[in-house]
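Shown next, in C-alpha cells, is the structure this report addresses.
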Amino acid sequence: MGSAASSKRIALVDVNNFYASCETVFDPTLRGRSVVVLSNNDGCVVARSAEAKSAGIKMAQPWHQVAPSIQRRTQVFSSNYALYADMSNRVMTILGDLAPSQEVYSIDESFLDLTGIPNLARHATGIGQRVGQWTGLSVCVGIGSTKTRAKLANYVAKKAPEYDGIFNLEDWTDHDQTAVLTRIPVGEVWGIGFRTQRRLTAMGIRTVADLQSADPKHLRQLFGVVIERVVAELNGDACMDLEQAPPPKKQIRSSRSFGKPVTDLSSLKEAMLAFVSIAAEKLRRQGSLASTMQVFICTNVFKAEAPQYSTGYTLKLPYAMDDTVMLARFAIRTLEHLYKPGFEYKKAGVNLMNLTPRENTQFGLFTNDDAVQRADKLSGTMDAINQRFGREALCLGRLAGKRRWSMNQSRLSRSYTTNSKELILAR
DNA sequence: TCTGGGGTCCTAGGACCC
DNA sequence: TCTGGGGTCCTAGGACCC
C-alpha cells in the first residue's frame, strides 16, 4: 500500500459543532442542551449541538420543518458571524503554534503538517487540551498520510467515541485499515458528493474500501479527473499540498435573501448598494481590481404559485476597478435594466469577477486619473470608518431606518468578543 | 466521390465543499 | 408565515482563427 511508503503525517483538526459550541461557551447554562444555529434569515439549521443531533434535527433542515415538540426544547440562535470569526481566529492561532506548517481550510478546520513529530498521539492530545483550555471549544484530530486520509481519520475520530476524538489511520495495519474503511459509506469521502455517491453505489462501489481498490483510469473515464485524484489520495499518493497562504479569491460575491418579499425598485437599489459596498470592501482588502461584474435578482422559487422571474446580466467594466462609487454606478444601471415591476423579489446580489492584482495595473487610456484618485481616496476613507465603527456605519444611499429588504435575525446572541458594549457580565 | 481540422478562448453549467 | 451564502474546479460546446 502506498501509504506505508509515504512519510507524511497530515492532521485535520476541526472544532466540534463549531457555531453551536461558540454560543455555549458564552452561556454555560446551554451545556447539555439541544442548541442549534440558523443560516442567514433564520432559514436552515447550519449547526447543532450533540443533543440537537440526537434529537433528530438534520443539517441544513429548514427550521420551520422541525417538529414543534423538538423546537420547544431547543435553544435556537441566528448566525452571529462576528463572534464565530473571532473565535475561529483564536483557535487557528493556537493550532498554528503547534505545527511547523498550517493550512486554514475553513472557519473551523485546519490541516497541520505533523511529519516528523515524535509521539504523535501525545502531540494530538496536547492540541486538544490547549484549544480546550484557552477557548472552551473541543476539537477532533484525524491523522493520515494525505489530506483525504486525514479527513477520513477525522470522520472516524468523530463517529467512534472510544478514540476520544483522535484517530491516526497510519497507526493501523493494512488489514485493519481496510476493516475500518469497509464500514464507511463512499459518500463520506472528501470530494464524493450526493450525485457521485449515487452513481458509484449503482456500480457496486458502496464503501470507502471499494473506492480505494477501484480502477482509477476507468473511473476517470466515467467521472473525470477529480475522482482519479481522490482514489490516489485514498491510497496514500498525495495530489494536494498544504496551502499555507490562501490564494487570492478569483471572484467575490455578495448576495442575500430578503426577510420579506421586495417589490419596488428603490428597495432593490438600496439592497444592491449594500451588496456592492461589501463586495468592493473585500476586493480592496485583498488588493485586487475587478473587470467583470454580474448583477442578479430573482423571485422566490419555493413559492410555486407566484409569478417567477429570475435574471442576471454580466457586464465588462470599462477598466479594472475597486472603487465602491464607480462599481455601484454600474450595478445600479444594470439593475434598472433587469427590473420588471409586478414581481415579488426574494433575493439579489452582485458578483465581481476577472480579478487582477492592483499593483502594476496600467489604468486605461481613457480613464481620468484625477477621478480615479479621488475615488480611491473616498473608498479608503469609507474602509477606515467602517473598520472602526462596523461595516454598516457608512454605506451608499442608505435610507435610515427603512430597510425593507434586510434579513430576519430575531435570535441573535450578543457580540461577546467584538463589541465593547456587549461585554459579558461577570457575576 | 470525398466539402478541413486543430488550437484557443470564452461561457454556462454541473458538482462539490463548508 | 418560514427554505443560506460564498467559494472552487472541471467539462462541454460554441465562436473564432488560420
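Order of the sequence lines fixes the chain letters, A, B, ..., with proteins taken first and strands second; residue numbering starts at 1 for each chain.
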Please test Arg149(A) against Glu233(A) for salt bridge (charged side-chain N to carboxylate O under 4.0 Å, His left out), starting from the C-alpha separation and ending with a verdict. CA-CA 7 Å; Arg149(A) 288 172 68 85; Glu233(A) 284 247 329; over 6 Å; no

Return no unless some side-chain N or O of [X] is found under 4.0 Å from OP1 or OP2 of [N].
X         : N      : answer
Ser39(A)  : dT3(C) : no
Arg253(A) : dG7(C) : no
Arg256(A) : dG6(C) : yes
Ser257(A) : dG5(C) : yes
Lys347(A) : dG5(C) : yes

Pick base, sugar-phosphate or nothing for [X], based on heavy-atom distances below 4.0 Å to the nucleic acid.
X         : answer
Asp108(A) : sugar-phosphate
Val189(A) : sugar-phosphate
Ser79(A)  : nothing
Ile107(A) : nothing
Thr314(A) : nothing
Trp63(A)  : nothing
Leu38(A)  : nothing

First encountered from the 5' end of DNA chain C, between Gln251(A) and Pro62(A):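 On the 5' side of the pair lies Pro62(A).
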
Tell me which of Lys303(A) and Pro247(A) sits closer to the 5' end of DNA chain C, going by the nucleotide each one is nearest to.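 So the residue in question is Lys303(A).
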
Proximity to the side chain of [X] - top-ranked nucleotide from [options]:
X         : options                  : result
Lys346(A) : dT3(C), dC18(B), dG7(C)  : dT3(C)
Trp190(A) : dC18(B), dG4(C), dG7(C)  : dC18(B)
Glu109(A) : dG5(C), dT11(B), dC18(B) : dC18(B)
Val46(A)  : dG4(C), dC18(B), dA15(B) : dG4(C)
Lys250(A) : dT11(B), dG4(C), dT8(C)  : dT8(C)
Val225(A) : dC10(C), dA15(B), dG4(C) : dC10(C)
Lys249(A) : dG7(C), dC18(B), dT3(C)  : dG7(C)
Arg229(A) : dC10(C), dC16(B), dG6(C) : dC10(C)
Lys151(A) : dT8(C), dC18(B), dT3(C)  : dC18(B)
Lys282(A) : dG5(C), dG7(C), dC18(B)  : dG7(C)

With distance as the sole criterion, is a donor-acceptor pair present between the side chains of Ser257(A) and Asn40(A) under 3.5 Å?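 Side chains of Ser257(A) and Asn40(A): no pair found under 3.5 Å.
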
State, without any angle test, whether Asp264(A) and Ser266(A) hold a side-chain donor-acceptor pair at a distance under 3.5 Å.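 Asp264(A) vs Ser266(A): donor-acceptor pair found between side chains.
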
Return the pairing partner of dG5(C) with a 3.5 Å limit on both distances, Watson-Crick or G-U wobble; otherwise return none.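 Answer to the pairing question: dC18(B), which forms a Watson-Crick or G-U pair with dG5(C).
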
Between [X] ([atom1]) and [N] ([atom2]), how many Å, whole number?
X         : N       : atom1 : atom2 : answer
Phe302(A) : dT1(C)  : CZ    : P     : 15 Å
Phe296(A) : dG13(B) : CZ    : P     : 14 Å
Glu228(A) : dC9(C)  : CD    : P     : 18 Å
Leu200(A) : dC16(B) : CG    : P     : 9 Å
Gln61(A)  : dC2(C)  : CD    : P     : 17 Å
Leu283(A) : dG7(C)  : CG    : C1'   : 15 Å
Met353(A) : dG7(C)  : CE    : P     : 13 Å
Ile227(A) : dC17(B) : CD1   : C1'   : 16 Å

Report yes if the distance between the aromatic ring centroids of Trp172(A) and Phe167(A) is under 6.0 Å, otherwise no.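 Yes - the distance between ring centres of Trp172(A) and Phe167(A) falls below the 6.0 Å cut-off.
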
Should the ring pair Phe258(A) and Phe275(A) be called parallel, tilted or perpendicular, given that the plane angle runs from 0 to 90° and is split at 30 and 60?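 Parallel.
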
Geometric class of the Tyr309(A)/Tyr345(A) ring pair [parallel <30°, tilted 30-60°, perpendicular >60°]: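 Taking Tyr309(A) first and then Tyr345(A), their aromatic rings stand perpendicular (interplane angle over 60°).
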
Run the numbers on Glu188(A) and Lys151(A) for salt bridge (charged side-chain N to carboxylate O under 4.0 Å, His left out), then give the verdict. CA-CA 9 Å; Glu188(A) 299 298 336; Lys151(A) 272 268 196 185; over 6 Å; no

Distance check, P atoms only: dT3(B) and dC18(C), in whole angstrom units.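 Result for the P pair: 25 Å, nearest Å.
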
Within this structure, what is the CD1-OG distance for the pair Ile252(A) and Ser288(A), rounded to the nearest 0.5 Å?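 Here the interatomic distance stands at 6.0 Å.
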
